[in-house]
Each structure stands twice: as C-alpha cells, then as structure tokens.
Amino acid sequence: MVDFSDTIQKDELAKEVRKARHEFYRYGIAFDPNFQTALLEAELNGAKIYDYDNGGIDQEALNRYLKKAGQNSLEELPEIYIKFQCRGWFCDENNKIYQLSTDELDYGRRMKTVDADYAKELIMNASDFLVEQIQEDGSFVYGIYPRFDNDIENYNIVRHASTLWSLICRYRLEADEKLAEKIDQTIEFMLDHVIYDKEGRAYLYEEKSDEIKLGGCGVAVVALTEYMEVFQNEKYQEVCCALGEGILSMQDPASGEYYHVLNGDFTRKEKLRTVYYDGEATFALCRLYSLTKNPIWLKAAQTAVDHFIEADYTKYKDHWVAYSMNEITKHITDNEKYYAFALKNAQENLQIIFERDTTYHTYLELLMATFEVYDRMLEKGIPVENFDQRLFFDTISVRANRQLNGYFYPEYAMYMKNPQRILNTFMVRHDGYRVRIDDVQHNIGGYYLYLKNYDRMIACGLLQAK
C-alpha cells in the first residue's frame with residue numbers, strides 16, 4: 001500500500017541518489033503516472049538499479065531486471081518520476097504476519113526490538129550460517145555479494161581467527177559436539193598458518209601477501225585462550241605463549257608502541273597498517289596473563305595501555321581498545337587512570353555512535369566491553385565520574401536495535417539472487433549487502449556481550465525489560 005508519493009524531476013532524482021549513502025536511498029520509483037511500471041525500493045537497491053556513483057537510474061540494469069520479471073523494457077527513461085514509499089506486511093511460511101517498518105533507517109523490515117531471548121536467537125542463527133561456511137580444509141567461504149550470489153574471492157587469516165572466536169562463544173551458549181568438531185577443524189587450519197622464527201617465536205602467517213600481521217597474532221591468541229577456557233584444557237598453551245613472544249618482538253618495550261607488519265621472512269615491512277592491531281595485540285597479552293599468570297604479559301600490556309592513554313586512542317572509536325581495557329582492569333584493579341580511560345573511550349564517542357546511520361557492528365562490542373568495566377566499578381565502589389550514564393545506556397539500546405537493519409530477514413533476503421544462502425545472517429548494506437565472515441563475527445560478538453550482561457543491565461535499572 002502506497003503510504004507516500006511525490007513527483008520528482010529526472011535531474012533532481014539524480015542529485016538525491018548521488019547524495020545518498022550507497023543502498024540508503026529508500027524510495028520506490030514509478031516510471032509512469034499510473035504505476036504500470038513501478039519498482040519497490042528493495043528491488044531498485046537489490047538489483048543495483050540505483051546508480052549511486054553517477055546518480056539516478058541505471059537504465060541497463062533496470063531493463064535487465066524488467067526482462068527477468070517478464071515486463072517490457074523502457075526504451076528511454078522519463079523526465080519525471082514518482083518516488084514513493086509503502087506501508088507493508090510480510091507473511092512467513094507459518095502464515096505469521098509481520099508489519100514492516102516505515103521508519104527511514106528501519107524501512108522495510110519487521111518491527112523487532114532486542115531483548116535477551118532475541119539476542120540469543122540472532123547469535124544462534126548467525127553462527128549457524130558461519131558453520132555452514134566451513135569447508136573441508138577448515139577454512140571458511142570468506143564472503144558473498146548476495147545481489148548476484150557472487151563469492152568474494154579473497155581470504156584473510158586474521159578474520160579467520162576472529163571468526164573462530166565467535167564460534168567458541170556460541171559453544172558457550174549451547175554445547176554441541178558437531179560444533180566442537182567444526183571448531184577443531186577451523187583451529188587446525190589456523191595452526192597450519194603459524195610459523196616460527198629461529199628463536200622459536202610464533203607468528204600467524206598470511207600466505208597470499210607473504211606477511212605477518214600483528215593483529216593476526218593477537219586474535220589467534222584470543223581465540224585459542226577462549227577455546228582452552230571453554231573446553232577446560234591447556235591444549236594450546238605452548239603455541240599461545242610462542243605467539244605472545246612474537247607479539248613482544250613487534251613491541252617497543254619502552255614506549256609500548258607496536259610495529260604492525262613483517263615480511264614472511266620476519267624482516268620488517270610496515271610500521272603502521274591499522275590501529276586495530278594495537279588493541280588486538282594488547283587484548284591478547286592480557287589473555288595470556290589470565291592463562292599463565294606470568295607477569296611478562298601483563299607488564300607488556302600495561303606499557304601498551306599507557307601509550308593508548310598518552311596518545312589518546314579514544315579518537316579511534318576502537319572496540320579492541322575497549323576489550324583491552326576491560327581485560328586489563330580485571331587484573332590491575334587499583335589504577336584509576338585505567339578505569340577513567342576505559343569509560344572515556346566510550347564517553348568521547350557516544351553522540352557519534354548514537355547517531356550513526358549504518359549498522360557499524362563494532363560499536364556494540366565497544367559499548368558492551370565498556371559496560372563490563374563500568375559494572376565492575378560499581379561493584380567495587382569505584383566512583384564513576386564525568387560519564388553520561390543515561391546516554392550510554394540509551395546508546396546501547398539504539399545500537400542493539402540498529403544492527404537489526406543489517407540482518408537478512410526474509411523481507412530483505414527475498415530480493416537477493418539466492419535468498420536461502422544468506423537468510424538470517426548479517427550483511428553490510430552500504431557495500432552491496434556484503435556478507436563476510438568478519439561482519440557476521442562482529443555482530444555475534446556484540447550481541448553475545450549484550451546477552452551476557454542483559455540481566456545485569458536490567459537489574460541496574462539501566463534498560464527496561466521487553
């Protein structure tokens with residue numbers, strides 16, 4: 001049912017589309033006054049008919065879509081269109097009817113909000129998708145561009161490791177022997193990419209680029225320590241410590257700064273690649289201390305965190321920094337500067353995070369890791385100062401629900417070429433609805449922490465039970 005319509009000149013449509021974020025122009029278009037040829041917003045974006053680079057309508061893509069739909073092609077585009085939005089409903093296979101949102105950012109999806117039960121459902125569904133991507137050799141199908149059901153021909157061993165971590169978190173929620181087998185399979189694939197230098201230090205090796213990335217060593221440690229904690233064994237302690245030694249070899253022990261990328265022969269290649277590596281490595285060092293209680297790891301993490309504070313890493317809005325601060329304050333409980341910085345990492349960015357229009361899935365991880373620090377401060381009676389608690393919890397709620405706009409509900413997936421393949425997992429709308437293993441992993445990570453801490457947030461009166 002058409003809820004809104006307005007005429008728009010061809011040139012004006014081109015301007016509006018060009019100005020919009022890719023896939024975020026949320027209007028359907030009628031190509032004649034009687035709506036004889038009219039396509040919904042989801043059709044226009046799903047078939048890549050909107051041309052965001054040049055503006056307006058891609059006539060070739062339009063006619064290709066019309067032909068597949070059994071409609072007549074348009075020999076030329078009109079000078080005047082009708083843009084419109086609909087009020088809609090979706091009926092599933094069980095004859096359950098969902099009203100679809102007409103709100104701008106939520107447009108076209110069922111009106112859901114995230115409580116603990118729904119967070120768990122999202123985690124289970126998305127992790128089921130990841131399990132389905134595991135291949136015989138233990139690698140994942142790296143990603144899909146679902147408009148045309150094209151695989152992303154690439155691989156990234158760092159993202160393999162972080163995706164493995166999310167599957168282990170899923171196992172925490174529901175133990176499953178088949179899942180455990182799949183986890184073991186993906187670990188073996190990762191360990192096949194661990195190499196050692198002559199000193200016995202270990203590094204995660206990216207074969208395609210002949211590189212060693214600091215972040216890869218970090219997330220490998222995080223995944224393996226998580227595995228040992230969940231499965232209650234010390235199976236990978238030796239390799240974790242060797243990877244830790246590799247991380248230390250890439251850190252300046254005086255300043256706490258890291259060197260980011262080595263060549264495959266362990267020579268230096270690139271000092272700075274992405275700031276995320278710093279947080280990944282520091283989180284790993286903290287996890288190594290949790291595993292071994294060897295002070296060498298905690299001391300190195302401290303020097304890194306001191307550098308984060310001195311260089312004001314809050315400007316990066318980095319979820320890995322939040323993970324690091326959450327972990328290090330479990331062990332160093334009397335350093336008020338660390339607590340203040342952990343909260344500041346969220347506080348300085350709350351308004352930006354609150355207002356962000358895309359799902360930007362790492363934001364929920366940042367917020368929830370910060371919540372664990374905040375909650376620990378309350379339990380220990382440590383003063384919480386200069387912190388907007390109300391905005392903090394409003395932002396958690398907003399981000400938990402905003403991420404649903406990147407969830408492939410059937411009403412979104414039905415416009416892709418192979419809906420069943422990507423149903424009930426997560427995507428990045430503004431990159432061609434991209435589904436990549438790390439996109440899914442970050443969504444799982446954020447919702448996992450949200451679920452883990454949900455009852456505590458309710459008990460504190462900071463969220464309202466749904």
Legend entry - Phe24 and His430 aromatic ring geometry - parallel, tilted or perpendicular at 30°/60° bounds: perpendicular
Inset, instruction - Kindly say whether Tyr107 contributes a backbone atom to a donor-acceptor pair with the side chain of Arg26 at under 3.5 angstrom? - result: yes
Inset, instruction - For Glu207 and Tyr155, test the side chains for any donor-to-acceptor distance below 3.5 angstrom and give the result as yes or no. - result: no
Legend entry - SB check Glu411 Arg109 (cutoff 4.0 Å): no
Legend entry - Asn154 CG: over 12 foreign heavy atoms closer than 6.0 Å: yes
Inset, instruction - Answer yes or no: is there an ion pair linking Lys213 with Glu280, defined by an N-O contact shorter than 4.0 Å? - result: no
Inset, instruction - Please check if the side chain of Asp51 supplies one atom and the backbone of Gly56 the other of a donor-acceptor pair under 3.5 Å. - result: no
Inset, instruction - Mind telling me whether Tyr363 and Tyr360 have parallel, tilted or perpendicular rings, with 30° and 60° as the class edges? - result: parallel
Inset, instruction - Answer yes if the side chains of Asp278 and His260 hold a donor-acceptor pair under 3.5 Å, and no otherwise. - result: yes
Legend entry - Short side-chain donor-acceptor distance under 3.5 Å, Asp184 and Tyr227: yes
Inset, instruction - Report yes if some heavy atom in the side chain of Phe140 is under 4.5 Å from a heavy atom in the side chain of Thr163; otherwise report no. - result: yes
Legend entry - Side chains of Tyr409 and Asn424, donor plus acceptor under 3.5 Å: no
Legend entry - is_close_aromatic(Phe231, Tyr171), centroid dist under 6.0 Å: yes
Legend entry - Electrostatic pair Glu121:Lys112 at N-O distance under 4.0 angstrom: no
Inset, instruction - Decide if the gap between the ring center of Phe35 and the ring center of Phe84 is smaller than 6.0 angstrom. - result: yes
Inset, instruction - Determine whether more than 12 heavy atoms belonging to other residues, nucleotides or ligands lie under 6.0 Å from atom NZ of Lys48. - result: no
Inset, instruction - For the residue pair Tyr142 and Arg159, confirm or rule out a side-chain donor-acceptor distance under 3.5 Å. - result: yes
Inset, instruction - Flag the pair Asp176 and Lys178 as a salt bridge only when some basic side-chain nitrogen lies within less than 4.0 angstrom of an acidic carboxylate oxygen. - result: no
Inset, instruction - Describe, in one word, how the ring planes of Tyr50 and Tyr52 are oriented to each other, choosing from parallel (under 30°), tilted (30 to 60°) and perpendicular (over 60°). - result: perpendicular
Inset, instruction - Could you walk me through whether Ser397 and Asn401 pass the side-chain contact (heavy atoms from CB on, under 4.5 Å) test, one step at a time? - result: CA-CA 6 Å; Ser397 182; Asn401 290 291; 3.8 Å; yes
Legend entry - Short side-chain donor-acceptor distance under 3.5 Å, Glu16 and Tyr25: yes
Inset, instruction - Assess whether atom NZ of Lys96 is packed by more than 12 heavy atoms of other residues, nucleotides or ligands within 6.0 Å. - result: no
Inset, instruction - Classify the ring geometry between Tyr27 and Phe4 as parallel (under 30°), tilted (30 to 60°) or perpendicular (over 60°). - result: tilted
Inset, instruction - Output yes when a side-chain donor or acceptor of Glu12 lies under 3.5 Å from a complementary backbone atom of Gln9, and no otherwise. - result: no
Inset, instruction - Measure the CG-CD distance between Asp6 and Gln85 for me, rounded to the nearest 0.5 Å. - result: 11.5 Å
Legend entry - Evaluation steps, ring-ring contact (aromatic ring centres under 6.0 Å, His included), between His160 and Phe189: CA-CA 9 Å; His160 174 103; Phe189 180 87; 5.0 Å; yes
Inset, instruction - Salt-bridge test for Asp58 and Arg64: reply yes if a basic N is under 4.0 Å from a carboxylate O, no otherwise. - result: no
Legend entry - From Thr370, Leu449, Ile328, Val222, residue fulfilling side chain to side chain contact (heavy atoms under 4.5 Å, CB included) relative to Tyr323: Leu449
Inset, instruction - Using ring-ring contact (aromatic ring centres under 6.0 Å, His included) as the criterion, list what pairs up with His319, not counting sequence neighbours. - result: Tyr276, His442
Legend entry - Neighbour count above 12 (heavy atom, 6.0 Å) for Glu355 CD: yes
Inset, instruction - Run the numbers on Met368 and Met457 for side-chain contact (heavy atoms from CB on, under 4.5 Å), then give the verdict. - result: CA-CA 10 Å; Met368 293 313 307; Met457 290 189 287; 3.7 Å; yes
Inset, instruction - Taking only Lys NZ, Arg NE, NH1 and NH2, and the carboxylate oxygens of Asp or Glu, determine whether Glu229 and Arg172 approach each other closer than 4.0 Å. - result: yes
Legend entry - Worked check of side-chain contact (heavy atoms from CB on, under 4.5 Å) between Leu66 and Phe31: CA-CA 12 Å; Leu66 291 173; Phe31 296 86; over 6 Å; no
Inset, instruction - Tell me yes or no: between the side chains of Thr329 and Arg376, is some donor less than 3.5 Å from an acceptor? - result: yes
Inset, instruction - Could you tell me whether Lys417 and Asp149 have a side-chain N and a carboxylate O separated by less than 4.0 Å? - result: no
Inset, instruction - Please report the C-alpha distance between Tyr313 and Met325 in whole Å, then the side-chain angles of each, then the deciding distance to 0.1 Å, and finally whether the side-chain contact (heavy atoms from CB on, under 4.5 Å) criterion is met. - result: CA-CA 12 Å; Tyr313 269 43; Met325 298 313 300; over 6 Å; no
Inset, instruction - Please state whether the rings of Phe393 and Phe371 are parallel, tilted or perpendicular, taking 30° and 60° as the class boundaries. - result: perpendicular
Inset, instruction - Side-chain contact test, heavy atoms from C-beta onward, threshold under 4.5 Å: evaluate it for Tyr433 versus Ile422 and give yes or no. - result: no
Legend entry - Atom NZ of Lys330 with >12 non-hydrogen neighbours under 6.0 angstrom: yes
Inset, instruction - Evaluate whether atom CD of Gln135 has more than 12 neighbouring non-hydrogen atoms of other residues, nucleotides or ligands under 6.0 angstrom away. - result: yes
Inset, instruction - Output yes when Glu41 and Arg429 qualify as a salt bridge under the 4.0 Å nitrogen-oxygen rule, no when they do not. - result: yes
Legend entry - Residues Thr282 and Tyr258: side-chain donor-acceptor under 3.5 angstrom: yes
Legend entry - Whether over 12 other heavy atoms sit under 6.0 Å from Gln99 CD: yes
Inset, instruction - Not counting sequence neighbours, which residues clear salt bridge (Lys or Arg N to Asp or Glu O under 4.0 Å) with Asp137? List them please. - result: none
Inset, instruction - Using side chain to side chain contact (heavy atoms under 4.5 Å, CB included) as the criterion, point out the one residue from Asn443, Thr359, Thr425, Asn125 that pairs with Tyr407. - result: Asn125
